[in-house]
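Step one of this worksheet: look at the structure below.
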Amino acid sequence: MPELPEVEVTRRGIEPHLVGRRIAAVAVRETRLRRPVNDDLAARLQGQRIARLHRRGKYLLADLDRGQLLLHLGMSGHLRVVPQDTLVQRHDHVDLLLEDGNCLRFHDPRRFGLLLWGEDWTSDPLLQGLGPEPLGSEFDADYLFARSRRHQQPIKSFLMDAHVVVGVGNIYANESLFRAGIDPRRAAGRIALPRFRRLHQAIVEILQEAIIAGGTTLRDFTRPDGRKGYFRLSLAVYGREKEPCIRCGKALRAARIGGRSSFYCGQCQR
DNA sequence: ACACGATCCTGACTGC
DNA sequence: TGCAGTCAGGATCGTG
């Protein structure tokens, strides 16, 4: 589910409910996530005030009086802020009960997500090797061009590598390459600088548009207030195999690239 | 160093 | 209707 726009929409949605508040209690119903939840999570979090909530790639980091809470939504996770007496559903794994009667509820059917307390995650291997933020100033066409030289990997797989740039997952890689007119199978190292300018611009635009639309809901994703994300309505290629290309009308194609389903126009993307 | 496939897990959907 | 097979928004690990 969640790529950068969905995580950022989540961050913006929960931030006003969390920042400045104290965690009164914690309910852990399932510890088996991508890595097990701290066995002393409740003790670590109880009574702590949340000072700040930030995002690094697809990770969310909550700064506490002591330490940090690291969250990741995996493929199927979402976070919602609900009143504490809200009925618990299957796969509602963790609740952070806040002093105001609300609760932050972590839901993740496939359990590829993370919810971990630590002293400081910024120097942890999980975050250390990450590439630049796609909406930050270090990310530009020159960076992509330099970073991609001699890479034989398909440009789509290259874009989805968090060591290259964070936050661009399968949907937005497909959409960005369509907008930039680049064949997703093309070797990253064989793309010239001017085309990387178009690609960079496409990535930035699409991520920004998706954030404004509230992200993309395919099935699992919901915003913290329970609403869906509406960028799905703006998808030009993702999930549209055999439908006409919005630019040239030719039937869109599907392919498997790096083990991930990919969609493109054989006419417009070279 | 790099590129690829398998893997973790549940649920939804397809086709027989 | 039931059941097996396939696929899914991510990230890591082992292999060649």
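A note on names: the letters A, B, ... follow the listed sequences, proteins ahead of strands, and every chain is numbered from 1.
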B/dA3 phosphate, OP1 or OP2, under 4.0 Å from A/Gln152 side-chain N/O: no
Using 0.5 Å steps for rounding, measure from the CZ atom of A/Phe221 to the OG1 atom of A/Thr10. 4.0 Å
Would you measure the distance from the P atom in B/dA1 across to the matching atom in C/dA11 and give it in whole Å? 23 Å
Surrounding CZ of A/Arg149 (heavy atoms of other residues, nucleotides or ligands, distance under 6.0 Å), is the total greater than 12? yes
P gap between B/dA6 and C/dT6, integer Å: 13 Å
Distance, nearest 0.5 Å, that separates CG of A/Leu97 from CD of A/Gln46: 9.0 Å
Phosphate OP1/OP2 of B/dA1: any A/His151 side-chain N/O under 4.0 Å: no
Any side-chain donor-acceptor pair under 3.5 Å between A/His54 and A/Asp63? yes
Nearest-Å distance for atom pair CZ/P, residues A/Arg34 and C/dT12: 5 Å
d(CG, A/Asp124; C1', C/dA11) in whole Å: 14 Å
Dot-bracket notation for DNA chain C is requested: 5' to 3', Watson-Crick or G-U wobble pairs only, both distances under 3.5 Å, with ( ), [ ], | and . as defined. .|||||||.|||||||
Expressed in angstrom and rounded to an integer, what is the separation of A/Met75 atom CE from B/dC9 atom C1'? 10 Å
In terms of relative ring orientation, are A/Phe106 and A/His93 parallel, tilted or perpendicular, with 30° and 60° separating the classes? tilted
Are A/His72 and C/dG10 close enough that a side-chain N or O sits under 4.0 Å from OP1 or OP2? no
Expressed in angstrom and rounded to an integer, what is the separation of A/Glu30 atom CD from B/dT10 atom P? 9 Å
In whole angstroms, the gap separating C1' of C/dA11 from OH of A/Tyr59 amounts to 7 Å
Considering only NZ, NE, NH1 and NH2 on the basic side and carboxylate oxygens on the acidic side, decide whether A/Glu175 and A/Arg179 come within less than 4.0 Å. no
Please work out if A/Arg90 contacts a base, only the sugar-phosphate, or nothing of the nucleic acid, heavy-atom cut-off 4.0 Å. sugar-phosphate
A/Pro154 near the nucleic acid: base, sugar-phosphate alone, or nothing, with a heavy-atom cut-off under 4.0 Å? sugar-phosphate
Among residues 108-118 of chain A, which residues get a heavy atom nearer than 4.0 Å to DNA chain C? A/Arg110, A/Phe112
Working to the nearest 0.5 angstrom, can you tell me the gap between A/Ser176 OG and A/His200 NE2? 11.0 Å
Is the shortest side-chain N to carboxylate O distance from A/Arg52 to A/Glu15 below 4.0 Å? no
Distance check needed: B/dA6 C1' versus A/Arg256 CZ, whole Å only. 13 Å
Using whole Å, what does the distance between atom C1' of nucleotide C/dG10 and atom CG of A/Leu159 come to? 16 Å
In terms of side-chain geometry, is the basic nitrogen of A/Glu119 or A/Arg66 positioned less than 4.0 Å from the acidic oxygen of its partner? yes
Any chance you could measure A/Arg44, atom CZ, to A/Leu64, atom CG, to the nearest 0.5 Å? 11.0 Å
Over all strands shown, is A/Tyr172 touching base, sugar-phosphate only, or nothing at heavy-atom distances under 4.0 angstrom? nothing
Give A/Ser261 one of three labels, base, sugar-phosphate or nothing, depending on what nucleic acid heavy atoms sit under 4.0 Å from its own. sugar-phosphate
Give one of base, sugar-phosphate or nothing for A/Arg219, where a contact means two heavy atoms less than 4.0 Å apart. base
Looking at A/Arg260, does any N or O in its side chain come under 4.0 Å of the phosphate oxygens OP1/OP2 on C/dG10? yes
d(NE2, A/His163; P, B/dC2) in whole Å: 12 Å
In whole Å, what separates the P atom of C/dC3 from that of B/dC9? 24 Å
